[in-house]
Amino acid sequence: MKPIIGVTSNLDENQLSVSMDNIYSLLNAGAVPIVVPNLLEDDKIEKLAEELDGLLLTGGGDIDPTLFGEEPHKNLGSICPERDTFEISIIQKMLALDKPILAICRGCQILNIAAGGDMYQDIYSQMSVPLLQHGQKAPRWHGSHFVNVKRNSLLHRATGAENFKVNSYHHQAVRKMPENFDVCAEANDGVIEAFESRKHSFVLGVQWHPECMTQKNDAPSIAVFEAFTKACKQ
């Protein structure tokens with residue numbers, strides 16, 4: 001059976017959009033992707049969560065900082081309140097149902113917020129250590145810096161690797177981990193690059209964009225989507 005996986009979408013000027021890299025990565029891993037709109041009615045979101053086998057939280061813009069108790073930082077980018085509201089709701093419902101979630105870039109940040117964590121609104125002005133370039137000036141499929149993966153973590157079991165290169169397109173990042181979640185990968189500058197739930201069967205957030213790297217046959221990126229799809233079949 002091919003699992004049906006919901007793919008979250010951007011909402012801009014009343015139009016939905018999603019990169020086809022997400023769709024191709026899921027198709028190649030053996031899933032049936034369904035792009036989901038930013039619903040606001042709780043009963044409809046609950047029905048959607050019940051029908052899906054898994055959820056892919058895609059990348060996109062910034063997140064409203066009032067959702068984690070902060071005022072907007074001067075370097076905060078554009079936000080979409082409807083998307084924030086929808087994603088937090090469906091994340092919490094998927095977690096309650098213990099259905100698999102793979103969260104990418106913005107997706108991993110909103111997953112962290114929905115589960116009770118918080119985040120840096122702008123790593124370059126809010127982190128006190130010297131940082132790598134996290135907004136690379138290179139093709140989206142290019143791995144620009146390394147991540148160090150915690151041994152025996154979900155990410156390590158999926159990829160079989162403790163160190164590999166990833167691409168990087170973000171100025172925000174997760175900060176405090178929620179209860180029952182653990183950091184499983186960091187960049188060499190200490191930025192959290194991946195985290196996972198120790199309570200759920202498969203909940204993984206990654207700060208990079210593996211969907212952009214699968215088309216160039218990047219082994220860790222392909223392995224992440226395959227492990228996610230396999231979890232959605234169970």
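Worth saying up front: this structure is predicted, and the values here are computed from it rather than measured.
You'll find the side chain of Phe164 reaches within 4.5 Å of the side chain of Thr159, heavy atoms only. In this structure, Thr66 and Asp64 have side chains that are in contact, with non-hydrogen atoms separated by less than 4.5 Å. Taking the side chain as every heavy atom from C-beta outward, Pro3 and Thr229 approach each other to under 4.5 Å. Looking only at side-chain heavy atoms (C-beta outward), Asn10 and Val18 stay at 4.5 Å or farther from each other. Here the side chains of Asn22 and Pro33 are not in contact, with every heavy-atom distance at 4.5 Å or above. At a threshold of 4.5 Å between non-hydrogen side-chain atoms, the residues Ile88 and Leu67 count as touching. A 4.5 Å side-chain heavy-atom check between His209 and Ile104 finds at least one atom pair inside the cut-off. Side-chain atoms of Thr214 and Tyr24, non-hydrogen and from C-beta on, never get closer than 4.5 Å to each other.
For Phe202, the ring pair (Phe, Tyr, Trp, His ring centres under 6.0 Å) partners at least two apart in sequence or on another chain are Phe228. Every residue two or more places apart in sequence or in another chain that forms a salt bridge (charged side-chain N to carboxylate O under 4.0 Å, His left out) with Glu162 is listed here: Arg151. The salt bridge (charged side-chain N to carboxylate O under 4.0 Å, His left out) check on Asp118 picks up Arg175, with sequence neighbours excluded. Take Arg157 and apply the salt bridge (charged side-chain N to carboxylate O under 4.0 Å, His left out) test, not counting sequence neighbours, and it matches no residue. Partners of Ser201 by side chain to side chain donor-acceptor pair (under 3.5 Å), not counting sequence neighbours, listed by chain and number: Asp98. Lys44 meets the salt bridge (charged side-chain N to carboxylate O under 4.0 Å, His left out) test with no other residue; sequence neighbours excluded. Among residues two or more places apart in sequence or in another chain, the side chain to side chain donor-acceptor pair (under 3.5 Å) test is passed with Glu41 by none.
With hydrogens and angles disregarded, no donor-acceptor distance shorter than 3.5 Å links the side chain of Ser9 to the backbone of Val35. Put simply, the side chain of Glu196 never gets that close to the backbone of Leu204: no donor and acceptor are under 3.5 Å apart. Formation of a donor-acceptor pair under 3.5 Å by the Ser197 side chain with backbone atoms of His200 is found in this model. One N or O on the side chain of Lys165 and one on the backbone of Gly143 form a donor-acceptor pair closer than 3.5 Å. In this structure, Asn75 contributes its side chain and Asp122 its backbone to no donor-acceptor pair below 3.5 Å. The main-chain N or O of Ser168 is found under 3.5 Å from a side-chain atom of Gln136 such that the two form a donor-acceptor pair. Formation of a donor-acceptor pair under 3.5 Å by the Ser25 side chain with backbone atoms of Asp21 is found in this model.
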Next item on the list: Determine, stepwise, if the pair Glu70 / Gln121 fulfils side chain to side chain donor-acceptor pair (under 3.5 Å).
Entry: CA-CA 9 Å; Glu70 292 187 4; Gln121 295 187 50; 2.9 Å; yes
Checklist line | Stepwise side chain to side chain contact (heavy atoms under 4.5 Å, CB included) check, Ile90 with Met94 | finding: CA-CA 6 Å; Ile90 196 169; Met94 296 291 283; 4.1 Å; yes
Note to self: One pair to check against side chain to side chain contact (heavy atoms under 4.5 Å, CB included): Phe225 and Asn28. What are the steps and the verdict?
What the structure shows: CA-CA 9 Å; Phe225 276 96; Asn28 291 337; over 6 Å; no
Next item on the list: Would you please test Gln207 and Glu193 for side chain to side chain contact (heavy atoms under 4.5 Å, CB included) and show each step?
Entry: CA-CA 5 Å; Gln207 185 58 72; Glu193 291 285 340; 3.5 Å; yes
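Note that CD1 of Ile110 and OG1 of Thr58 are 11.5 Å apart. Values are rounded to the nearest 0.5 Å. The line from CE of Met119 to CD1 of Ile192 is 11.5 Å long, rounded to the nearest 0.5 Å. Separating the CD atom in Glu82 from the CG atom in Asp12 is a distance of 10.5 Å, to the nearest 0.5 Å. Rounding to the nearest 0.5 angstrom, the gap separating the OG atom in Ser89 from the CD1 atom in Ile45 is 3.5 Å. Rounded to the nearest 0.5 Å, atoms CG (Leu111) and CD (Gln92) are 10.5 Å apart. For the atom pair CG of Asp53 and NZ of Lys2, the computed distance is 13.0 Å after rounding to the nearest 0.5 Å.
Both Ile4 and Val203 belong to a single network of hydrophobic side chains, linked directly or stepwise wherever heavy atoms of I, L, V, M, F, W or Y lie under 4.5 Å apart. With hydrophobic clusters built from ILVMFWY side chains whose heavy atoms lie under 4.5 angstrom apart, Phe181 shares a cluster with Ile63. No path of Ile, Leu, Val, Met, Phe, Trp and Tyr side chains, each step under 4.5 Å between heavy atoms, connects Val147 with Leu132, placing them in separate hydrophobic clusters. No single ILVMFWY cluster, assembled from side-chain heavy atoms under 4.5 Å apart, contains both Leu102 and Ile34. No single ILVMFWY cluster, assembled from side-chain heavy atoms under 4.5 Å apart, contains both Ile123 and Val166.
Within the structure, the salt bridge (charged side-chain N to carboxylate O under 4.0 Å, His left out) test picks out no pair touching residues 205-233 (sequence neighbours left out). Screening residues 63-106 for ring-ring contact (aromatic ring centres under 6.0 Å, His included) gives no qualifying pairs among residues at least two apart or on separate chains. Among residues at least two apart or in separate chains, salt bridge (charged side-chain N to carboxylate O under 4.0 Å, His left out) pairs with a member in residues 84-93 are Asp42-Lys93, Arg83-Glu87, Asp84-Arg106, Glu87-Arg106. Note on residues 103-140: pairs passing ring-ring contact (aromatic ring centres under 6.0 Å, His included), not counting sequence neighbours, are His134-His145, His134-His170.
The side chain to side chain contact (heavy atoms under 4.5 Å, CB included) test with Phe195 singles out one residue from Asp182, Val174, Val206, and that residue is Val174. Of the residues Leu55, Ile91, Leu56, the one that meets the side chain to side chain contact (heavy atoms under 4.5 Å, CB included) test with Thr8 is Leu55.
Here the shortest heavy-atom pairing between Asn112 and Pro178 reads OD1-CD, 2.8 Å. Contact between Val36 and Gly6 at its shortest, heavy atoms only, is CG1-CA, 4.0 Å. Residues Val191 and Asp189 come closest through the heavy atom pair N-OD1, 3.1 Å. Across Ser221 and Met213, no two heavy atoms sit closer than the pair OG-CB, 3.3 Å. The two atoms that bring Ile5 and Cys232 nearest to each other are CD1-SG, 3.8 Å, heavy atoms only. Contact detail for His171 and Asp62: the closest heavy-atom pair is NE2-OD2, 2.8 Å.
Relative to the ring axis of Tyr169, Arg140 places its NZ or CZ within 45° and under 6.0 Å from the centre.
With a 4.5 Å cut-off between side-chain heavy atoms of Ile, Leu, Val, Met, Phe, Trp and Tyr, the cluster of Ile79 takes in Leu76.
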